[in-house]
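Below is one structure, written out as structure tokens, with a few remarks after it.
First the proteins, then the strands, lettered A, B, ... as listed; each starts at 1.
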Amino acid sequence: MDSILSWIGTAGMTGEAWLRHTTPDKYSAQTLELSSETILQISTQLLKSPPSSVDSSALDSTITKTRKHIDQMARLIRAKDSPAFAHQLDSLRADQKIVKQLSDSIEASQ
Amino acid sequence: MSKVLQVTLGLITSIGGFLEIGSVITAAQAGAAFGYKLLWAILLGTLCLVFLVEMSGRLAAVSKHTIVEATRARFGFPFFFIVTIGMGIVAFLVLIAELGGIGLSLQILTGIGFSWWAVAVSIVVWLLMWRGTFSLIENGASLLGLVTISFVVAAIKLHPDWGSAAHGLIPSLPGHDKTKYWFVAVSILGASISPYLMYFYSSGAVEDGWDETYIPINRIIAGIGMTFGGFLSMAVLVGAALFFQPKGIQVDKFSQAALLMTTALPKWGFFLFALSMLFACLGAALEISLAIAYFFAQGFGWNWSEDMNPSRDARFAFTYTIIILLAAVPLLFGIDPVKVTVISMALTSATLPLAIVPFLLLMNDPDYLRDQRNGWLSNTVVSIVILISFVLAIISIPLEFFGS
């Protein structure tokens, strides 16, 4: 879960940096794509043998939603649509909080 | 050239040439995962490096021999051959990592994947080796590498808690992820105490014709230059502790590390990171290629000098040509340079005794050093740090890769 949170955090920071015009478009889009791919890989591994305390379907749907937001952000960079990008970034922040809560509940149960 | 100018140039070279992909990635990983807690590892590694670099220059100045020549002559070919295998493998891995670091820097700047850059980067490094002189390689890349001072500016602008940072200079046990903590500590030590740097430095001292009058200059360059270089590594760690750790971001990929200065230096931070890594890795790739070629040429008794025309030291030139081309191959196949970096830095720690123990024996040999032999302080500091690095490496490397 720490790795998933790390990559959601990376996507969030990459998004913030792009909104501030401090990083190139290509780098930002590629980093978001890498974040999405890595989250998929890690979550696939995690969901193969999930901890007994975790609600697998809740985790799966949250991760799927998160990845969708990140993929959308990568597309919006190419479209140079900052307002829509900012909206997706807010949604990602909300996803991040849910994943963090799930992670904390797993940690507490162990 | 006046001695003052030589000292100044030597200091610039030491500072500008200090950072490379290993020191940056390991420091960033340490800061992101453990805050300031691993600053002690950089301090310990830098302290050891100060002594080792000073010894390398002193050996060359007094005996007119490089470390490799003296090791071969003093311990014989069979022992030299074992050292060659160990050092050769590790140095080759580090070269792959540095070439990959150049490719990754170009990737984040252009969006073109690092494996597409592998051949072009290798040809540029080879051309600089083929056409360049020792001073061009030593000073040129290091002057460009001064851009790495931006890590210090970024760290200061993030307003670190100096008290907590000072506390990190004292070794302490981690509250979580103990295996990772010790593995990162070992990688930091490996990144700081790079044997290739000693081979490069002693060969450079012989190329520049040092004699005993250079001993004070050597002390200043090793002491002040390497210490400031260590500060650069610490700045990377401090920056990562302030930027990544609060957000729970671990540095597993280069593109994550690239965000390091984007908050502290919003306008230029990203580009300063990319340029810092580009020049630092270029300088390191040149130095390692040269160090490996020196190693083989000096060990096997071939002609060697970066200032000679390649036709006059053909086997020396052939060695770096082959090594640079071979190092590009894994990158062409997309091997992750960051993974190679982490593994090669940990392996460097594990193989340190192979390079350092015979070197320490040489530094206490009156046939080579006469009245300039090591004092008890140099012997003690280096022996303790190498022992710590080795023990930590043989315990933490298997644990990290095969689980505890």
Please find the pair of heavy atoms, one from [X] and one from [Y], that lie closest to each other, and give the distance.
X        : Y        : result
A:Thr10  : B:Leu259 : O-CD1, 4.2 Å
B:Ile108 : A:Tyr27  : O-CB, 3.6 Å
A:Gln30  : B:Gly111 : NE2-O, 2.6 Å

How far does NZ of B:Lys247 sit from CD of A:Glu16, to the nearest 0.5 angstrom? 7.5 Å
Heavy atoms of other groups near B:Trp268 CH2, more than 12 under 6.0 Å: no
Toward chain B, the part of [X] with a non-hydrogen atom under 4.5 Å:
X       : answer
A:Asp2  : both
A:Ser3  : both
A:Leu34 : side chain
A:Ser28 : neither

Taking side chain as everything from C-beta outward and backbone as N, CA, C, O, which of these in B:Phe244 sits under 4.5 Å from a heavy atom of chain A? Side chain, backbone, both or neither. neither
So, the part of B:Thr263 with a heavy atom under 4.5 Å from chain A: the answer is both
Among B:Lys253, B:Gln107, B:Gln250, single out the residue with the greatest number of heavy-atom pairs under 4.5 Å to chain A. B:Gln250
I would like to know whether A:Ser35 and B:Gln256 meet side-chain contact (heavy atoms from CB on, under 4.5 Å); could you show each step before the answer? CA-CA 10 Å; A:Ser35 302; B:Gln256 292 174 299; over 6 Å; no
Check against side-chain contact (heavy atoms from CB on, under 4.5 Å), B:Phe270 and A:Thr22: CA-CA 7 Å; B:Phe270 175 84; A:Thr22 58; 5.6 Å; no
Determine whether A:His21 and B:Pro266 make a side-chain contact, defined as any pair of heavy atoms from C-beta on separated by less than 4.5 Å. no
